[in-house]
Amino acid sequence: NFYAMDAIPLLAQFPRRFEVTAGIYSAYSDAQFLEQPSLWLYNIIDGRYGLADHTPRTLPIDGVFCAFLYSWAINLSFDPSAAPVYQNKGVVISGHRLRDWFDKSQVLVARMPEGKPGLSFSFKGGNNGTSHNHNDLGTFLTVVDGQPITVDPGVTVYDARTFGPQRFDIQVISSYGHSLPRVAGQLQKFGKQYHSEVVDSKFSDTADTVTLDLTKAYEVPVLKKLTRRFDYSRQAKGELLVTDEVQFSSPQAFGTALSTYGEAREEKPGVWIISYKGKELRVQIDAGGVPFTVTNEVLKDEARFGKVRSLGIVLNDSAAQAKITVRLTPL
């Protein structure tokens, strides 16, 4: 009996904990951007465990993987007025919490307080050997007032390369198409041996900070250390600082990038505005006084949701060590 197993209530409530803001989920790996869980299934789960989430019953079956006959049978025969018959042994989700931290997967979902507008975000670490993997350790999503601004693009448009030896030549699947560092001209590699490590984490009601060591996500012999630090503040309308710090044994090229489905324009040198469906995010770039160039590129490989725009931030000269901080604040 799956309902009675201790771990199942936690699994059943995962979509609630993974939701960044209402209806917005990170499209990590081969997930579909802006896809949502099935409300009819929520309704049944809430009823079985007595979660009191008040999910309305939905008779139409939504989603590609819900169009099976058993889905119709369960949905139509379920009595929404029936009393709960299974004890909820997991985490009871009542509205959104400030954060959900999946430490073993290195996935953080950090939110503004319930009902307060502003910037929420999510990032992932882990390893590059997972099912339907994208080489995306350190990728992140930002959401401003219900609209995703910087994104993980999600699943690509399938072609002959998608599940063959050229899979990671596809920009949307490689780290090139994600909001990630570009290290000595190299991208992240595929395989479980390419992984990230959490070296620091601090959580409070006003701010969350997590530092990832991404050194082992790349196969660059001259790379001594690469860290990515996320500093998230819930003050005012929210703010996110993403700081990439690198050390090489000899001067090398270094840069980072931001991915979006929106538009991007330069406000002034080192400051860009990214917009999507009426919401805007100011991007302030600081390389510690070192000259850099910003490119505004639409990727040649499309995601299933559409064309992906990449803002590339590249230091003008090679360096043995460098630090690039990107400050993201809602307008």
Side-chain angles (χ1 to χ4, degrees), residues 14-15 17-21 23-37 99-102 105-111 119-144 146-158 162 167-168 170-182 187-190 194-196 210 212 214 217 228 230 232 240 242 244 256-264 274-277 279 281 283 297-313 326 328:
F14 168 75
R17 300 179 63 197
F18 191 59
E19 189 176 42
V20 183
T21 62
I24 302 296
Y25 302 82
S26 298
Y28 297 140
S29 300
D30 270 350
Q32 174 68 50
F33 186 72
L34 294 186
E35 188 171 27
Q36 300 181 25
R99 84 190 54 80
D100 280 285
W101 172 229
F102 304 92
S105 302
Q106 300 176 9
V107 172
L108 175 67
V109 181
R111 312 177 181 92
L119 171 67
S120 298
F121 98 106
S122 173
F123 80 81
K124 75 170 288 290
N127 73 77
N128 277 338
T130 57
S131 178
H132 285 263
N133 182 75
H134 289 195
N135 290 341
D136 59 359
L137 304 181
T139 189
F140 64 96
L141 167 89
T142 57
V143 182
V144 174
Q147 293 296 344
I149 308 297
T150 62
V151 303
D152 185 299
V155 64
T156 186
V157 176
Y158 285 175
T162 306
R167 175 175 175 82
F168 295 103
I170 301 173
Q171 290 178 326
V172 176
I173 295 179
S174 75
S175 57
Y176 189 90
H178 294 75
S179 302
L180 290 171
R182 299 166 185 178
L187 304 177
Q188 292 185 12
K189 294 292 186 179
F190 169 68
Y194 300 103
H195 64 275
S196 61
V210 179
L212 293 178
L214 296 177
R228 165 162 281 194
F230 295 96
Y232 172 65
L240 176 65
V242 183
D244 294 326
T256 188
L258 296 172
S259 296
T260 181
Y261 279 115
E263 299 296 326
I274 300 178
S275 59
Y276 182 77
K277 293 190 175 180
K279 301 300 178 181
L281 198 63
V283 179
E297 171 192 9
V298 175
L299 301 185
K300 61 181 177 63
D301 295 317
E302 288 191 36
R304 192 171 297 178
F305 189 78
K307 293 183 180 295
V308 180
R309 182 179 302 277
S310 177
L311 282 186
I313 304 163
V326 177
L328 303 124

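Position 1 is the first residue of the sequence, and the numbers go up from there.
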Identify the two heavy atoms, one from [X] and one from [Y], that lie closest to each other, and give their separation to 0.1 Å.
| X | Y | value |
| --- | --- | --- |
| Ser120 | Arg111 | OG-CA, 3.4 Å |
| Gly146 | Pro148 | O-CD, 4.1 Å |
| Leu187 | Ser174 | CD1-OG, 3.9 Å |
| Ser175 | Leu180 | CB-CD1, 3.7 Å |
| Val109 | Val20 | CG1-CA, 3.8 Å |
| Leu214 | Ser196 | CD2-CB, 3.7 Å |

With ring centroids as reference points, do Tyr276 and Tyr261 lie under 6.0 angstrom apart?
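Between Tyr261 and Tyr276, which both carry aromatic rings, the centre distance is not below 6.0 Å.
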Any chance the rings of Phe305 and Phe33 have centres within less than 6.0 Å?
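Yes; Phe33 has its ring centre under 6.0 Å from that of Phe305.
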side-chain contact (heavy atoms from CB on, under 4.5 Å) between Ile313 and Val326: does it pass, once the steps are laid out?
CA-CA 10 Å; Ile313 304 163; Val326 177; 4.0 Å; yes
[X] vs [Y] side-chain heavy atoms within contact, under 4.5 Å:
| X | Y | answer |
| --- | --- | --- |
| Thr150 | Leu141 | no |
| Phe18 | Val107 | yes |
| Thr142 | Leu119 | yes |
| Leu212 | Phe123 | yes |
| Arg228 | Pro181 | yes |
| Leu258 | Phe140 | yes |
| Phe230 | Val242 | yes |

For the residue pair Phe168 and Phe190, categorise the inter-ring angle as parallel (less than 30°), tilted (30 to 60°) or perpendicular (more than 60°).
parallel
Could you label the plane-to-plane angle of the His178 and His134 rings as parallel, tilted or perpendicular, counting under 30° as parallel and over 60° as perpendicular?
perpendicular
Could you measure the distance from the [atom1] atom of [X] to the [atom2] atom of [Y]? Nearest 0.5 Å is fine.
| X | Y | atom1 | atom2 | answer |
| --- | --- | --- | --- | --- |
| Phe121 | Arg99 | CZ | CZ | 10.5 Å |
| Leu328 | Leu240 | CG | CG | 5.5 Å |
| Thr156 | Leu299 | OG1 | CG | 10.0 Å |

For the backbone of [Y] and the side chain of [X], can you confirm whether one donor and one acceptor N or O come within less than 3.5 Å of each other?
| X | Y | result |
| --- | --- | --- |
| Thr260 | Ile149 | yes |
| Gln106 | Gly126 | yes |
| Ser105 | Lys124 | no |

Residues in side chain to side chain contact (heavy atoms under 4.5 Å, CB included) contact with Ser259, at least two apart in sequence or another chain
Ser179, Val308
Does the side-chain contact (heavy atoms from CB on, under 4.5 Å) test come out yes or no for Glu302 and Val172, once each step is laid out?
CA-CA 7 Å; Glu302 288 191 36; Val172 176; 6.0 Å; no
Excluding sequence neighbours, so at least two apart, what forms side-chain hydrogen bond (donor to acceptor under 3.5 Å, both in side chains) with Glu19?
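With neighbours one apart ignored, the set is Tyr25, His96.
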Compute whether any side-chain donor of one residue and acceptor of the other, for [X] and [Y], lie under 3.5 angstrom apart.
| X | Y | answer |
| --- | --- | --- |
| Thr256 | Asp244 | yes |
| Asn128 | Gln188 | yes |
| Asn127 | His195 | no |
| Tyr28 | Ser122 | yes |

Determine, stepwise, if the pair Lys307 / Lys300 fulfils side-chain contact (heavy atoms from CB on, under 4.5 Å).
CA-CA 8 Å; Lys307 293 183 180 295; Lys300 61 181 177 63; over 6 Å; no
Looking at Tyr158, does the NZ or CZ of Arg304 lie under 6.0 angstrom from its six-membered ring centre and within 45 degrees of the ring axis?
yes
Cationic N near anionic O, under 4.0 Å, Arg167 to Asp30:
yes
Would Arg309 and Glu263 satisfy salt bridge (Lys or Arg N to Asp or Glu O under 4.0 Å), going step by step from the backbone distance to the final call?
CA-CA 7 Å; Arg309 182 179 302 277; Glu263 299 296 326; 3.0 Å; yes
